[in-house]
Amino acid sequence: MSATQVIVDAELEAPPVVASPPRLRRFHPGVILSGLIVAFLIVAAVLPSWVTSRDPLAIDISHSLQPPSLSHLLGTDQSGRDLYARIVYGARLSLLIGIGATALSMTIAIAFGVVAGLSGRLVDGAINRFIEVLFSFPVLLLALLFVTVFGPSATTEIVAVGIGTAPGYARMVRGQVLAVRGSGYVEAANALGHSYLRVVRRHILPNAMRPLVVVVTLGVGQSIVWASGMSFLGLGVAPPSPEWGALLDAGRNYVTGAWWLEVLPGVAIVAFAMSVTSIGRYVRQRLEGGLRDDR
Amino acid sequence: MTVDLSGGGNLLRVDNLRVGFGHRKAPKPVVNGVSFSLTGGKCLAIVGESGSGKSVTARTLVGLTGGRSHVTADRLEFNGRSVLGLGDRQWRGLRGKEIGFILQDALVSLDQLRPVGAEIAEALRLHGWGTRAERREKVIDLLTQVGVPNPELRARQLPHELSGGLRQRALIASAIALDPSLIIADEPTTALDVTVQAQVLDLLDETKRRGKALILISHDLAVVARMADEVAVMRGGEIVEHGDADDVLYRPRHEYTQALLDAIPSTHSKGTKLSHTSRPALTIKPRSAARGPVIKADGLVKRYHGPDGITRTVVEDVSFELNAGETLGVVGESGSGKTTTARIVLALADPEEGQVLLNGEPWTAASPKARRGRRRQITVVYQDPLSSFDPRWSVRSIVADALPRDSYPSAALRGERVRELLGQVGLEEEHLDRRPLQLSGGQRQRVAIARALAPEPSVIVCDEPVSALDVSIQAQVLDLLTDLQSELGLSYLFISHDLGVIHHMSDRVLVMKDGRVVESGTADAVFHQPREEYTRQLLAALPRLDRSESLTTDHGRLL
């Protein structure tokens, strides 16, 4: 018997453990900062003109490669375009790619994972082998394939990253479904005579999906990093349109003289990915803190 | 309360021990001024329910209370030397060498990936004992000493390859490896079957006879009665009664000790209430005569075909009848096929041969679809209610979910019925919106019972429903089940490994061993005039605490 359990059961049949997980009621500066960053980037993505008055495509050769200053907060690129405006306008594409790829990947993963988890050995085995085959293709290889077939575009990036990251999630979903399917409460529901569909709908799906909430938030950040990587390699969005990965790629040639072109879009990617991840972790603690036995 | 029964020459002396957890400034007290002392060759038993502070007290004596604890005492002396405020390193020097510590579950306390022999040798090595070859010899010697057959082979096996009893003995071997003068055993037999428990207790008794001091932590008063010279009863971090074992167990002065003793189901408790608290008065009527079988199991066989091609028969030719309003107890050790039988009766597992009739109609032989509509006639209460509840759901939804839709079509009707059911099992309005994790063990089992009642079944299968509960909570739950049976005319198929519980609850009893029914009959016949050797062994292995004069004959005060 652990010491915590002793505390928890401190009296006879009495005070039930009111599940107020520690750590969570407190002030979380990291989570609040992350929230602000994400909120800002979402505003930037939806209404970029609210956060900058400049045109991200306006060329001004006389002010090319300016370091960050009051007139150009984050400096300018080789054509004199305002980097701040480009990052703000780039948020829309980057976020769209991140969220789109995650949504696609989750849809595929849930479809395959749930079917595999609920089916018998035969179907489960077949899906598993298929997932393993997908697994053996590196995401970038898939991306190359799609770019060759469809040409580089945001849609291609979404599809490539979405399919590329799906197998990992599919495995996770399948594992969750299997675990929940074998749980005591599913047996209890079966013993009550509930129909198969009702048990799947009311117990198996919600409980198997619970951990996905967090994985989704982690996935969005991850997808943006993937997509940026593709753009950086020239497999993504075509150059003039601002996208974070493409910005990195464009800044590559000037990295010795104009560090801001390389560093600042990178900071945007890292800040967004980290913020979403830390919010995801917080959400998980909140969700599971009340549901998990913390002994 | 300090009772120094041993005079001078104490091996262990504890005065006003206090242990708290949490923040330094306001630690949550768990042990509140406990004092006792112990000499060699004696056994002190500390009894109490979960949360009484007995385990924390034991852990304090081996320096294992953990980082968040605050230990203070006027005196905490072992072998004439203060051990208060020792560092981790100093404790490691004492632990194993001078104080042996035995935990409840050997499976979690032994390293899963290391042969048990290596584990025991490690205990010796840590204290610089002997050479490699000498240690190997000593390990075999120790295993022989604790009665492990074929020690050379066993020493090479991993913990999961050993049975529970052998594992526990291996753990004891590692605890006594360096011949410590004090052994602390925290619920050493709780996870074991009665016959194995008897062997382990014999072993501990033996170390005591060799002049070692023993502190036994247990919630099982019968085990304590067998082993202890002195008993300390703990509640809420304090010792409420402390004295000679016979005095405490047979002439208790404190009402809490009395209540604990009363709560133990046994031969003589039948037809009486075990708990003092109760629901609004219900008279316990003598059960009505049988009105025909609600369950008829005929020649059930269940085999498992392992991946290695080995087929194990877990249930073999099991037949029984359960009559209306009756309780049929199924008792047996782990692996005897009790739970598999229950799952077949619930039609959650299909028998390979034989069939079960439910209310006179084919049940296991019916199609799954046909069974679904009739499942409300038979419900189940599990040992671990927590895992049988969807963790996201509130008590309200858990119980409402079990209500048949055709009888309770509207949400309002269902809500009303849920309240009624919760009242019936002794829960309050405030529990409606709690989640399972926010309930205590007893409350959870009450919710499980409410859920089992919701479909208005004729039979409830109770699979070890009180095994995870403290004795006083167990008493309340058993009383509740008895009350509900007489009110609602329910039949119970009651499974337990606890012979006392089975005798208390059952009208008739099946004794199972290795998948077969070895003996069946009325509870009194099986318990008082067992015909089969195995039943006699089970009963003899059971440590008893019987305060009636009639039985204190051949087994001395133990029986």
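The chains referred to below are lettered A, B, ... by the order of the sequence lines, with proteins before strands, and numbering in each begins at 1.
- Heavy atoms only, all atoms of each residue included: A:A191 and B:V380 are closest at CB-CG1, 4.1 Å.
- For B:R374, no part lies under 4.5 angstrom from a heavy atom of chain A.
- For the pair A:H194 (side chain) and B:D401 (backbone), a donor-acceptor distance under 3.5 Å is present.
- At a threshold of 4.0 Å, the pair B:D390-A:R202 does not count as salt-bridged, since none of the basic side-chain nitrogens sits closer than that to a carboxylate oxygen.
- Applying the 6.0 Å contact sphere to CZ of A:F137 captures no more than 12 heavy atoms from other residues, nucleotides or ligands.
- Counting non-hydrogen atoms of neighbouring residues, nucleotides and ligands closer than 6.0 angstrom, the CE atom of A:M172 exceeds 12 such neighbours.
- Within the 4.5 Å cutoff, side-chain heavy atoms of B:L348 are placed close to those of A:E187.
- Expressed to the nearest 0.5 Å, how far CZ of B:R451 lies from CG of A:L192 amounts to 6.0 Å.
- Heavy atoms only, all atoms of each residue included: B:P391 and A:Y185 are closest at CD-CE2, 3.5 Å.
- With a 4.5 angstrom heavy-atom cutoff, B:R343 touches chain A only via side-chain atoms.
- For the residue pair A:A188 and B:S388, the shortest heavy atom distance occurs at CB-O, 3.7 Å.
- Residue pairs that meet the side chain to side chain donor-acceptor pair (under 3.5 Å) test with at least one member in residues 108-125 of chain A, sequence neighbours left out, are A:D124-A:R174.
- Contact of B:I378 with chain A is made through the backbone alone, with heavy-atom distances under 4.5 Å.
- Looking at B:Y382, only its side chain comes within 4.5 Å of chain A, counting heavy atoms on both sides.
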Criterion side-chain contact (heavy atoms from CB on, under 4.5 Å) on A:N207 and B:R392, from CA distance to verdict: CA-CA 8 Å; A:N207 279 296; B:R392 300 170 305 124; 3.4 Å; yes
